[in-house]
Amino acid sequence: MIIGNLQMTQAEFAQSLGVSANYISLLATNKKKNVSLTFAKLVESLYGYSAQWVLYGEAEGLVKKDPRRQLVNAVLKMPEEKLVRLEEFIQML
């Protein structure tokens, strides 16, 4: 559900979280049912889905939108050439 909402591939999602694509595939196909608290908190910090929801399906799925989180997500999806331009712009500031 999260990957679909983010319009990412499993590989992109895995890379953004620093886990293997195989791990995400196992979760997506219900071959692995449990995730660690660390993983759940990482999903929460990067994408805004409540760690409690990721772990147990409890609480609200999405935490209040944080503009900083949205900015980080946009940067994570940028192609390399745009990242280079963004870095140049930031250095000019």
For Asn34 and Leu55, run side chain to side chain contact (heavy atoms under 4.5 Å, CB included): C-alpha distance rounded to whole Å, both residues' side-chain angles, the deciding distance at 0.1 Å, then the answer. CA-CA 7 Å; Asn34 299 320; Leu55 287 167; over 6 Å; no
Check for a donor-acceptor pair, side chain of Thr29 on one end and backbone N or O of Ser25 on the other, with a separation under 3.5 Å. yes
With distance as the sole test, does Gln15 use its side chain to make a donor-acceptor pair with the main-chain N or O of Glu12 at under 3.5 Å? no
Taking it one step at a time, do Val43 and Val35 satisfy side chain to side chain contact (heavy atoms under 4.5 Å, CB included)? CA-CA 11 Å; Val43 170; Val35 298; over 6 Å; no
Should [X] and [Y] count as side-chain neighbours, where that means a heavy-atom distance under 4.5 Å?
X: Lys41; Y: Leu37; answer: yes
X: Phe13; Y: Met8; answer: yes
X: Met78; Y: Leu86; answer: yes

I'd like to know if the side chain of Tyr47 pairs up with that of Asn5 as donor and acceptor (distance under 3.5 Å, no hydrogens or angles considered). no
Would you mind telling me which of Glu88, Lys82, Glu81 makes a side-chain contact (heavy atoms from CB on, under 4.5 Å) with Val84? Glu88
Quick check for you: to the nearest 0.5 Å, what is the distance between Leu26 atom CG and Ser20 atom OG? 7.5 Å
Can you get from Tyr56 to Phe39 by hopping between Ile, Leu, Val, Met, Phe, Trp and Tyr side chains that sit under 4.5 Å apart? yes
Treating Ile, Leu, Val, Met, Phe, Trp and Tyr as nodes and any side-chain heavy-atom pair under 4.5 angstrom as an edge, say whether Met1 and Val19 lie in one connected cluster. yes
